[in-house]
Trainee: 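Got a structure for you, written out below as structure tokens; questions coming shortly.
Only a predicted model underlies this, so the values are computations on that prediction, with no experimental measurement involved.
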Amino acid sequence: MMFEDIFQNSDVGDILLRVLDGERLSFEDGVRLFRSADLPAIGAAANIVRHRLNGNRTYYVVNRHINYTDVCKNECRFCAFYKSPSDPSAVRMTISEVLDRAAEMYEHLKFTELHIVGGCNPDLPFDYYTNLLSALRERFPGVHLQAFTAVEIAHIADVGRMTIRETLKALQEAGLGSIPGGGAEVFSSRVRDALCPNKLPAEKWLEVMREAHLLGIKSNATMLYGHIETDAERVEHLIKLRELQDETHGFMAFIPLKFHVDNTRVGEGLRRQSSTDDLKLFAISRLILDNFPHIKAFWIMLGVKLAQVALSFGADDFDGTVVEEHITHRAGAKTPESLTPQEIRRLISETGTVPVERDTLYNEVTRDETGMPAILKC
Ligand code: V47
């Protein structure tokens, strides 16, 4: 069947045919897609784009998350993770505790990535961050360190009274491999004023990423959705990311993060978010972000089954083994905290796509009979 036939009866068929012709979508196109109920047509277009970019491959990474601290001065209303410095249950790991935590599963998993994020903890000195990275690099030499959101990096720069560029260079010299996509939330100042007024402003988040990309440090990007944001604010967010990517080409994956409400201070006015809305967001992201190589279905936040379905709605990456997760679980996630590589491969294969183990930078990984990884440079 031709695209024309599939999209003929759709209220957004004109947009979908244009995007499949390689035309870039406008802000108005994006808003119209969100307002359309034609999920099958939007999803089919996103699936075609996903196959053009990534074929039938679905990527995953053998990784471990570590949260070195949950103390955070920003007190975002959507966050159930942070604790105040005076809370006796707050976590502040020493460097040797982080090393021990990383070592716990290393022999078993031989992960290729450590994903290290925390809060903006006013008590940690600048050296903590550089020493943490160099200690991890020394102890786990082949493991890629994806660490510190753009928000943490701006905080670390403040602590060290250094520019963002100087800070990034110091972190890079200490072993920083890439930057995770967190902290972007929704760029709209209306949303930020309501939910996270103390957080790094959107322009600064983008500036940290721009500086990182210019230094050759790749990163991801996220959007926290399903709270008070409007369709127009979602599209604005995606277009800002697309514009920066045109400039730097430093983003690897876009990750829609589904908001979890438990134990947060977000109350009234939540938009209702169904699974079809989730899938529509994945598909529209795939269509708008024409210069992003990957869209990630982070199974922890989406749920394993919906993450599987998202692989036919634009996503081509399932994230990874994770091992330990607190940010979403403190906000009510019912998913497990960890999946084995075998489970991930099975879940991906069940969708009819081909599981491909990748490293953080999307090089393919092979493993010998002892499980030791080797990275095939692409
Ligand atoms: O920055 C906070 C979000 C992010 C909640 O780059 C919440 O590969 C849902 O960014 N409900 C951290 N989300 C996680 C993150 C991430 C995860 C996996 C992979 C990558 C990557 C990045 O979680 C925060 C914030 O945007 N978050 N609270 C909540 N209640």
Trainee: Please report the interatomic distance CG(Asn363) to OG1(Thr112), rounded to the nearest 0.5 Å.
Mentor: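 Going from CG on Asn363 over to OG1 on Thr112, the span is 10.0 Å.
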
Trainee: Have Asp317 and Tyr362 got a donor and an acceptor in their side chains that come within less than 3.5 Å?
Mentor: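 Note: Asp317 and Tyr362 side chains meet the donor-acceptor criterion.
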
Trainee: Are the side chains of Arg190 and Thr230 in touch, meaning some heavy atoms are under 4.5 Å apart?
Mentor: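 With C-beta onward as the side chain, the pair touches.
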
Trainee: How about Tyr59 and His294: are their ring centroids closer than 6.0 Å?
Mentor: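 Ring-ring flag for Tyr59/His294: true, centres closer than 6.0 Å.
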
Trainee: Do Asp277 and Ser274 pair up side chain to side chain, a donor and an acceptor below 3.5 Å, judged on atom types alone?
Mentor: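 Judged by distance alone, the side chains do pair up.
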
Trainee: Can you confirm whether the side chains of Ser26 and Asp29 place a donor and an acceptor under 3.5 Å from each other?
Mentor: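 Their side chains do contain a donor-acceptor pair, which is all the 3.5 Å distance test asks for.
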
Trainee: Do Asn56 and Thr353 have a side chain donor and acceptor closer than 3.5 Å?
Mentor: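 Checked: Asn56/Thr353 side chains show no N/O donor-acceptor pair below 3.5 Å.
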
Trainee: Would you confirm whether Arg50, through its side chain, and Ala315, through its main-chain N or O, come within 3.5 Å as a donor-acceptor pair?
Mentor: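 Yes, because the side chain of Arg50 sits within donor-acceptor range (under 3.5 Å) of the backbone of Ala315.
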
Trainee: Looking at Asp278 and Lys258, is any side-chain nitrogen of the basic one under 4.0 Å from a carboxylate oxygen of the acidic one?
Mentor: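 Here Lys258 pairs with Asp278 in a salt bridge, since their nearest N and O are under 4.0 Å apart.
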
Trainee: Output all residues satisfying ring pair (Phe, Tyr, Trp, His ring centres under 6.0 Å) with Phe313, sequence neighbours left out; order by chain, then residue number.
Mentor: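 Per chain and number, Phe313 pairs via ring pair (Phe, Tyr, Trp, His ring centres under 6.0 Å) with no residue.
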
Trainee: If you count every heavy atom of other residues, nucleotides or ligands that lies below 6.0 Å from Lys240 atom NZ, does the total exceed 12?
Mentor: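 Counting neighbours around NZ of Lys240, more than 12 heavy atoms of other residues, nucleotides or ligands fall under 6.0 Å, so yes.
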
Trainee: Should the pair Phe187 and His237 be assigned to parallel (<30°), tilted (30 to 60°) or perpendicular (>60°) ring geometry?
Mentor: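 Judged by the thresholds at 30° and 60°, the geometry between Phe187 and His237 is parallel.
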
Trainee: Enter the distance from Ile295:CD1 to Leu289:CG here, rounded to the nearest 0.5 Å.
Mentor: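 Between atom CD1 of Ile295 and atom CG of Leu289 there are 5.0 Å.
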
Trainee: Can you give me every donor-acceptor pair (side chain of residues 98-109, partner residue at least two apart or in another chain, under 3.5 Å) with its distance?
Mentor:
from   : atom 1 : to     : atom 2 : distance (Å)
Arg101 : NH1    : Glu324 : OE1    : 3.2
Arg101 : NH1    : Glu324 : OE2    : 2.7
Glu104 : OE1    : Arg64  : NH2    : 3.0

Trainee: Just checking, is any N or O donor in the side chain of Thr58 or Asp316 under 3.5 Å from an acceptor N or O on the other one?
Mentor: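 No, Asp316 and Thr58 have no side-chain donor paired with an acceptor closer than 3.5 Å.
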
Trainee: Between Tyr68 and Tyr129, how do the two ring planes meet: parallel, tilted or perpendicular, split at 30° and 60°?
Mentor: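 Geometry flag for Tyr129 against Tyr68: perpendicular rings.
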
Trainee: On the 0 to 90° scale, with breaks at 30° and 60°, tag the Phe111-Phe140 ring pair as parallel, tilted or perpendicular.
Mentor: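 Correct class here is tilted.
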
Trainee: Which word best sums up how the rings of Trp205 and Phe251 line up, parallel for under 30°, tilted for 30 to 60°, or perpendicular for over 60°?
Mentor: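 Trp205 and Phe251: parallel rings.
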
Trainee: Cut-off 3.5 Å, side chains only: do Glu113 and Thr360 have a donor facing an acceptor?
Mentor: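 Per modelled atom types, Glu113 and Thr360 side chains form a pair under 3.5 Å.
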
Trainee: Taking ring pair (Phe, Tyr, Trp, His ring centres under 6.0 Å) as the test, write out the residues that go with Phe34, two or more places apart.
Mentor: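 Testing Phe34 for ring pair (Phe, Tyr, Trp, His ring centres under 6.0 Å), a comparison that skips the adjacent residues, returns none.
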
